[in-house]
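Worth saying up front: this structure is predicted, and the values here are computed from it rather than measured. Each ligand, and each atom within it, is numbered from 1 in the order the structure gives.
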Amino acid sequence: MAKVIGILSGKGGVGKTTLVSNLAASLTKNFNKNVLVFDTNINTSHLGLHLGMYEDLPVTLREVLRRKTSIMHAVYTHPNTGIRLVPAPLSGDGINLTKEKCCRLVNQLKNSYDMVILDCPPGLGKETIVAISAIDEAIIITTPDIPAVTDALKTVEILNRIGKKTLGIVVNRSRNEKYELQPQEISSTCKCDVIATIPEDRKILRSISKGMPAVLLYPHSPASNSVKKLAAKLLGKSYKEPSFFDKLKRLLGRNEEGDTKIVIKEQEQAVSKEAEIRDVKKLKEGLTKEVKEELKREIVEMVKKKLKEKVV
Ligand SMILES: Nc1ncnc2c1ncn2[C@@H]1O[C@H](COP(=O)(O)OP(=O)(O)OP(=O)(O)O)[C@@H](O)[C@H]1O
Ligand SMILES: [Mg+2]
């Protein structure tokens, strides 16, 4: 039975979704695991966007929660990695994910995977408690600054109170600056081990703009190496850091993006053959007009909102 791991932070915007998509990509691509990622961030869902899967998602948790279809129909295969995704809708208006529903949906799926990773909502309110109710273990992510670490500490306390195991803290966007909190300070403040430090890395931003995890697109970038190391640690495996000569060989040899393009093409060919892709197509064809219209309205609203934000 799969372990259900929640990625939590307390403070928003510190890298939960980035970690979910990259950790899942590494577990899938580097360690051959069958991983499902589940977006419980109903009101500000981003996981589908990080994976570049915003156009192709006719069924999300919205349709499942409205009992229009079963959770099995809301599982998609990410074409380039093989990660399975349960997306939340672009707008969470009018839907309610309760503890009971969240646990039931996760339980219905988890037996088919080696690992289920929940992208949790920001904050420590009701929505986060709902997500926590469905997990077995948690990883807390924080940036190395006082506000984020304060909220990480609150998250550790909530998890302890509820009786959920915390696997450790991931420190993200580390720049190795003197003003940053050091991993040992974060660890002693939160009374929890720091299990990974991910550096600030522009390749993360580039990879999100391309809708592809950095671990796949820039497998040798500093952030990708840290995520791979974390994936190995979670599986109890060793990870060999690239040596100076490995880096030199790469510099003199092939271009990183060039290599990746070949991998992606091979993956696309392999995955496109999968039955699930055909199922999704079938499902799309069979979708009711009503759901399609709703999806269109949602996208139009989102674009309008974005344009408004730009003008302001
Ligand atoms: N290691 C990193 N280096 C550079 N940028 C990063 C790194 N990690 C995350 N980011 C950037 O930080 C921003 C927030 O990341 P992300 O969306 O993963 O945070 P989040 O915790 O999921 O946010 P929310 O609380 O809104 O769900 C994104 O623009 C992402 O590109
Ligand atoms: Mg997020």
Side-chain angles (χ1 to χ4, degrees), residues 5-26 37-54 60-61 83 85-92 97 117-132 135 138-145 147-152 154-155 169-177 180-181 183 186 194-231 302 305-306 309:
I5 298 180
I7 308 294
L8 292 144
S9 65
K11 187 173 183 305
V14 296
K16 292 179 293 301
T17 309
T18 306
L19 180 62
V20 171
S21 65
N22 280 282
L23 186 58
S26 177
V37 293
F38 192 116
D39 197 349
T40 63
N41 189 357
I42 294 286
N43 287 310
T44 48
S45 67
H46 301 137
L47 192 52
L49 305 178
H50 276 238
L51 292 169
M53 294 176 72
Y54 29 83
T60 67
L61 278 177
I83 299 170
L85 162 75
V86 174
L90 289 173
S91 152
L97 183 63
I117 305 178
L118 264 51
D119 188 11
C120 297
L124 297 167
K126 186 176 155 270
E127 289 165 8
T128 301
I129 303 297
V130 164
I132 290 176
I135 66 172
I139 292 177
I140 298 168
I141 182 164
T142 181
T143 42
D145 53 86
V149 172
T150 304
D151 291 351
K154 289 184 199 163
T155 313
I169 296 178
V170 172
V171 180
N172 190 28
R173 309 195 74 162
S174 159
R175 293 186 174 91
N176 249 332
E177 298 281 359
E180 290 177 355
L181 292 172
I186 297 172
V194 169
I195 52 171
T197 300
I198 304 175
E200 174 75 23
D201 187 342
R202 290 177 63 188
K203 293 277 167 64
I204 291 284
L205 294 156
R206 284 180 68 178
S207 69
I208 294 171
S209 77
K210 293 180 183 181
M212 192 85 71
V215 157
L216 186 75
L217 204 52
Y218 309 108
H220 308 296
S221 80
S224 297
N225 280 329
S226 300
V227 174
K228 284 191 255 178
K229 206 168 153 186
L230 172 63
M302 194 181 73
K305 209 170 134 199
K306 285 255 174 291
E309 278 168 12

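- The residues lining ligand 1, counting any heavy atom closer than 4.0 Å, are G12, G13, V14, G15, K16, T17, T18, N41, H46, H50, P122, N172, R173, I198, P199, E200, D201, I204, L205, I208.
- The line from CG of L118 to CD1 of I139 is 12.0 Å long, rounded to the nearest 0.5 Å.
- For the residue pair N172 / T143, no side-chain donor-acceptor distance below 3.5 Å is found, with atom types taken as modelled.
- N22 contributes no side-chain N or O that, together with a main-chain N or O of V227, makes up a donor-acceptor pair within less than 3.5 Å.
- No side-chain donor from either of S26 and K228 sits under 3.5 Å from a side-chain acceptor of the other.
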Please step through side chain to side chain contact (heavy atoms under 4.5 Å, CB included) for the pair I7 and I117, ending with a clear verdict. CA-CA 7 Å; I7 308 294; I117 305 178; 3.7 Å; yes
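- Distance check for T17 against the Mg ion (ligand 2): an N/O/S atom falls below 2.8 Å.
- To the nearest 0.5 Å, atoms CG (D39) and CG (L61) are separated by 7.5 Å.
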